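Bear in mind the structure is a predicted one, so any value in this text is a computation, not a measurement.
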Amino acid sequence: MEKRSLDGITLEQILHRLVDQYGWEVLGQKIPVRCFISDPSVKSSLTFLRKTPWAREKVEQLFLQS
């Protein structure tokens, strides 16, 4: 199984694409973190994801599966 690369794609681009594809509600169901569920915004989510490696990994994996 070939692993697709995230080279050249920023975390912000990943987040925008996932929000466009799923919306905040579904994204919060797939990855249940407060920044996606309670008053979500790209800015607050990026702040959280940059400080929380396990959550960032979940977001990147969801992006690769999409």
message: Any non-hydrogen side-chain atom of Phe63 less than 4.5 Å from a side-chain atom of Ile9?
response: yes

query: How about Gln61 and Gln65: does a side-chain donor come under 3.5 Å of a side-chain acceptor?
result: no

For residues 31-46, please give each side-chain donor-acceptor pair under 3.5 Å, one per line with the distance, not counting sequence neighbours.
unit_1	atom_1	unit_2	atom_2	d
Ser41	OG	Ser44	N	3.1
Ser41	OG	Ser44	OG	3.0
Ser44	OG	Ser41	O	3.3
Ser45	OG	Cys35	O	3.3
Ser45	OG	Ser41	O	2.8

query: side chain to side chain donor-acceptor pair (under 3.5 Å) with Gln29: which residues, sequence neighbours excluded?
result: none

query: Do the side chains of Thr10 and Ile14 get nearer than 4.5 Å, heavy atoms only?
result: no

query: Partners of Glu60 by salt bridge (charged side-chain N to carboxylate O under 4.0 Å, His left out), sequence neighbours excluded?
result: Arg56

field: Inter-residue atom distance Leu11.CG - Leu49.CG, 0.5 Å rounding
entry: 5.5 Å

- prompt: Is there side-chain contact between Leu27 and Val59, with heavy atoms separated by less than 4.5 Å?
  reply: no

- request: Quick one: list whatever passes side chain to side chain contact (heavy atoms under 4.5 Å, CB included) with Thr52, sequence neighbours left out.
  value: Phe48, Trp54, Ala55

- prompt: For Gln13, does the CD atom sit with more than 12 other heavy atoms under 6.0 Å from it, leaving out its own atoms?
  reply: yes

